[in-house]
> 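Shown below is the structure under consideration.
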Amino acid sequence: MKKIVHLFFLVFASAVFAQSRTIPVDTVITTQHNATINGSTFSYTAATGTQPVWDSNSKPVATLHYTYYTRNNIKDRAARPLLISFNGGPGSGSVWMHLAYTGPKILKIDDEGYPVQPYGVDQNPHSVLDVADIVYVNPVNTGYSRTIPESGKEVDRDKFFGINADIKYLAEWLNTFVTRNNRWRSPKYIIGESYGGTRVMGLSLALQNQQWMYLNGVIMVSPADYKVIRNSGPVAEAINLPYYTAAAWHHKALPKALQEKDLLDILPESEDYTINQLIPALAKGGFLDASEKKKVAEKIAYYSGLDQQDVIDQNLSVPTSFFWKNLLRDKGGYTVGRLDSRYLGIDRQMAGMRPDYNSELTSWLHSFTPAINYYLQEELNFKTDVKYNMFGPVHPWNNENDNTRDDLRQAMAQNPYLNVMIQSGYYDGATNYFNAKYTMWQVDPSGRLKDRFSFKGYRSGHMMYLRREDLKTANDDVREFILRTMANGKSAKY
């Protein structure tokens with residue numbers, strides 16, 4: 001009896017210790033599904049798995065988790081567009097647009113984007129899967145993607161965690177993905193949200209000049225332009241004002257003359273003041289005439305809903321954190337969200353320079369985290385004990401030599417097919433809509449490429465698709481952009 005027990009223990013122990021909490025380097029699971037999207041009912045295949053990142057010696061140094069959706073029964077796959085989707089951070093998984101925007105399933109939330117229990121997913125009747133196949137990519141250390149090994153001195157962080165390193169290895173990875181899945185002949189589009197906007201601007205040229213992979217379109221969703229966000233100065237400080245106008249209008253905190261008008265009627269007025277009067281005034285700094293300073297403070301207060309004395313105390317340059325904390329200080333004492341200023345928060349005390357927490361992000365994590373873990377494991381059948389990183393360990397992040405704006409310009413100049421669409425929510429205070437417009441204006445100083453840019457705004461925040469009305473409109477805009485920019489036999493020439 002003792003021998004039998006001992007033998008059982010050895011077998012059990014070897015089975016337990018043979019297991020490891022690691023992700024497979026190269027694997028894929030496929031499942032079959034049905035959907036009704038944009039009025040059309042069809043079946044589709046979901047392939048979720050991992051694909052290696054190879055080093056120069058053809059050894060895997062990381063593995064990226066992805067989910068790839070293809071519509072079934074397509075006669076000519078080569079003519080069907082491929083949409084390549086990234087989120088941002090840097091350090092964010094691809095969960096956000098995957099489970100709330102363009103994919104065939106969306107998480108259970110109410111019409112404005114707040115969590116609903118029990119957690120899970122529903123059909124997305126507005127997905128663009130009807131017109132394009134879609135792959136959602138998790139960069140290194142996001143989602144289930146990991147370095148090989150996961151930690152230690154052998155991990156060369158310089159290969160992954162920086163603006164240019166990120167672009168370089170992702171371009172190479174996409175070359176392998178497109179080759180494996182026989183998509184070289186397909187029209188290709190890349191979409192990136194937030195930091196993903198910086199990523200796809202850089203990828204447009206890296207794919208073209210390093211992988212010889214040409215794109216038809218780049219879509220930037222609530223793009224982060226670090227040439228503005230991480231800098232101070234008159235432009236960076238002034239271009240927050242139209243966002244302040246939008247957020248204050250939503251909370252009915254503007255003067256009556258503005259509040260009685262529609263949002264889209266007052267934003268051009270705030271934008272015009274910002275460009276033509278506020279930037280020149282801030283450029284004068286401490287040498288601005290006292291009477292002029294008072295007039296500027298009055299106007300900023302008028303367009304922002306803030307107290308005029310607070311504006312003066314901030315030397316006319318109101319930080320976004322101060323706005324989030326103080327807009328509603330005398331109107332219920334709530335804070336407003338950073339990424340979506342429709343969301344409200346409650347701080348320990350009303351006084352201060354910034355909110356205690358991001359009210360919108362806690363709400364989103366509340367619903368997205370259980371939904372993606374349920375969906376991948378139970379509906380797509382990708383089983384693992386590895387943690388899905390909503391936000392992964394990617395810092396410190398190397399932000400040096402950011403040439404992504406000019407990368408996009410060069411890619412567009414070299415490729416007559418390449419078009420760009422920007423989508424922004426008016427209530428996004430992190431990567432605000434006017435900053436996105438400014439980026440669009442600055443990409444090509446010559447103005448000769450401006451007819452290939454388009455901007456779409458929505459009455460919501462950073463993830464504008466969480467609001468049910470904007471989910472439909474934004475997907476319709478992506479669908480129209482893809483269909484409009486396909487070559488359809490037209491030669492690539494000027």
Side-chain angles (χ1 to χ4, degrees), residues 35-40 42 44 67-71 74 79-88 94-107 113 123-137 174 183 186-197 199-201 203-204 207 215-224 408 412 417-426 428 431 433 436-437 439-440 452-488:
T36 299
I37 296 171
N38 201 30
S40 176
F42 55 87
Y44 66 92
T67 303
Y68 177 40
Y69 296 101
T70 51
R71 181 171 176 171
I74 297 296
R80 184 168 167 80
L82 173 64
L83 180 63
I84 302 162
S85 181
F86 295 97
N87 273 97
S94 68
V95 52
W96 314 101
M97 290 199 292
H98 183 176
L99 268 197
Y101 188 12
T102 51
K105 295 291 182 74
I106 52 174
L107 74 164
Q123 298 286 337
N124 181 4
H126 309 299
S127 166
V128 294
L129 185 58
D130 60 325
V131 298
D133 296 334
I134 315 169
V135 58
Y136 297 91
V137 184
L174 286 172
R183 300 309 298 263
S186 300
K188 298 172 190 67
Y189 296 80
I190 53 176
I191 182 171
E193 179 180 271
S194 195
Y195 179 82
R199 177 177 283 135
V200 297
M201 283 196 292
L203 274 173
S204 65
L207 287 170
L215 303 170
N216 284 61
V218 171
I219 303 168
M220 293 188 283
V221 179
S222 307
L408 179 59
M412 294 179 72
Y417 280 152
L418 185 54
N419 291 267
V420 177
M421 179 171 72
I422 294 174
Q423 298 181 297
S424 291
Y426 294 122
D428 178 4
T431 59
Y433 88 92
K437 281 188 175 183
T439 296
M440 181 175 68
R452 284 193 270 154
F453 283 91
S454 59
F455 174 88
K456 302 290 183 180
Y458 308 90
R459 296 178 189 238
S460 43
H462 192 72
M463 296 195 289
M464 70 284 170
Y465 42 80
L466 291 178
R467 182 169 175 260
R468 198 61 52 96
E469 181 180 329
D470 291 321
L471 173 68
K472 179 183 187 306
T473 304
N475 271 294
D476 285 345
D477 288 337
V478 173
R479 183 179 291 105
E480 186 276 333
F481 176 75
I482 290 173
L483 295 176
R484 174 172 56 83
T485 55
M486 290 176 64
N488 297 320

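Side chains included, hydrogens not; waters and symmetry mates left out as well; all remaining heavy atoms used.
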> Considering all heavy atoms of both residues, which atom of M486 and which atom of A79 are nearest to each other, and what is their separation?
CE-O, 3.5 Å
> Counting C-beta onward and ignoring hydrogens, is there a side-chain heavy-atom pair between S424 and Y458 closer than 4.5 Å?
no
> Which pair of non-hydrogen atoms, one from S85 and one from M97, has the smallest distance, and what is that distance?
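Between these two residues, the closest heavy atoms are OG-CE, 3.4 Å.
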> Just how far is it from atom OG of S94 to atom CG of N87, taken to the nearest 0.5 Å?
6.5 Å
> Between N419 and T485 (side chain of the first, backbone of the second, donor and acceptor by atom type, cut-off under 3.5 Å), is there such a pair?
no
> With heavy-atom distances below 4.5 Å as the criterion, would you say the side chains of I191 and I84 are in contact?
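Sidechains of I84 and I191: no contact.
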> For the atom pair CG (L83) and CD1 (I482), what is the distance rounded to the nearest 0.5 Å?
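L83 atom CG to I482 atom CD1 measures 5.0 Å (nearest 0.5 Å).
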> Mind checking what makes side-chain contact (heavy atoms from CB on, under 4.5 Å) contact with Q123, not counting sequence neighbours?
A35, K105
> May I ask you to test the L99-I106 pair for a side-chain heavy-atom distance under 4.5 Å?
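Heavy-atom side-chain distance check fails, nothing below 4.5 Å.
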> So, D470 side chain and R468 main chain: donor-acceptor pair closer than 3.5 Å or not?
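No, D470 side chain to R468 backbone: no donor-acceptor pair under 3.5 Å.
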> Within the distance-only criterion (no hydrogens, no angle test), does the side chain of R199 pair as donor or acceptor with the backbone N or O of G192 below 3.5 angstrom?
no
> Quick one: does L418's side chain get under 4.5 Å of V218's, heavy atoms only?
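Heavy-atom side-chain distance check passes, below 4.5 Å.
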> Do R452 side-chain atoms and M412 backbone N/O form a donor-acceptor pair below 3.5 Å?
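Judged by distance alone, yes, a pair lies under 3.5 Å.
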> With salt bridge (charged side-chain N to carboxylate O under 4.0 Å, His left out) as the rule and sequence neighbours excluded, what pairs involving residues 215-224 come up?
none
> At what distance, to the nearest 0.5 angstrom, does CG of N124 lie from NZ of K472?
11.5 Å
> Looking only at heavy atoms, which two atoms of G425 and S222 are closest? And how far apart?
N-OG, 4.4 Å
> If you look at every heavy atom in M464 and A474, which pair is closest and at what distance?
CE-CB, 4.0 Å
> Once side-chain contact (heavy atoms from CB on, under 4.5 Å) is applied, do any residues pair with K188, and if so which ones, sequence neighbours excluded?
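Once residues adjacent in sequence are excluded, the partners of K188 under the side-chain contact (heavy atoms from CB on, under 4.5 Å) criterion are V178, M213, L215.
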> Within the 4.5 Å heavy-atom criterion, are T102 and Y136 side-chain neighbours or not?
yes
> Taking atom NE2 of H462 and atom OG of S194, what is their separation to the nearest 0.5 Å?
3.0 Å
> Could you work out, with side-chain contact (heavy atoms from CB on, under 4.5 Å) as the rule, every residue matching M440, not counting sequence neighbours?
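For M440, the residues satisfying side-chain contact (heavy atoms from CB on, under 4.5 Å) (neighbours in sequence not counted) are I422, F453, F455.
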> Distance from S40 atom OG to D130 atom CG, nearest 0.5 Å?
6.5 Å
> Begin with the C-alpha distance, continue with both residues' side-chain angles, and end with the deciding distance and a verdict on side-chain hydrogen bond (donor to acceptor under 3.5 Å, both in side chains) for E193 and Y465.
CA-CA 12 Å; E193 179 180 271; Y465 42 80; 2.6 Å; yes
> Please report the shortest heavy-atom distance between I37 and S127, naming the atom on each side.
CG2-O, 2.8 Å
> Is the closest side-chain donor-acceptor distance between D428 and T431 under 3.5 Å?
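A donor-acceptor contact under 3.5 Å links the two side chains.
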> Measure the CE-CE distance between M220 and M421 for me, rounded to the nearest 0.5 Å.
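The distance works out to 10.5 Å.
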> Among all residues two or more places apart in sequence or in another chain, which pass the side-chain contact (heavy atoms from CB on, under 4.5 Å) test with D133?
Y68, T70, R71, R77, R80, L82, L129, R183
> Can you find a side-chain donor-acceptor pair between Y101 and Q423 that sits under 3.5 Å?
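A donor-acceptor contact under 3.5 Å links the two side chains.
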> Report the residues that fulfil ring-ring contact (aromatic ring centres under 6.0 Å, His included) with F86, sequence neighbours left out, ordered by chain and then residue number.
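If we apply the ring-ring contact (aromatic ring centres under 6.0 Å, His included) test to F86, skipping adjacent residues, there are no hits.
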> Do D476 and E480 have side-chain heavy atoms sitting under 4.5 Å apart?
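Answer no - side chains too far apart.
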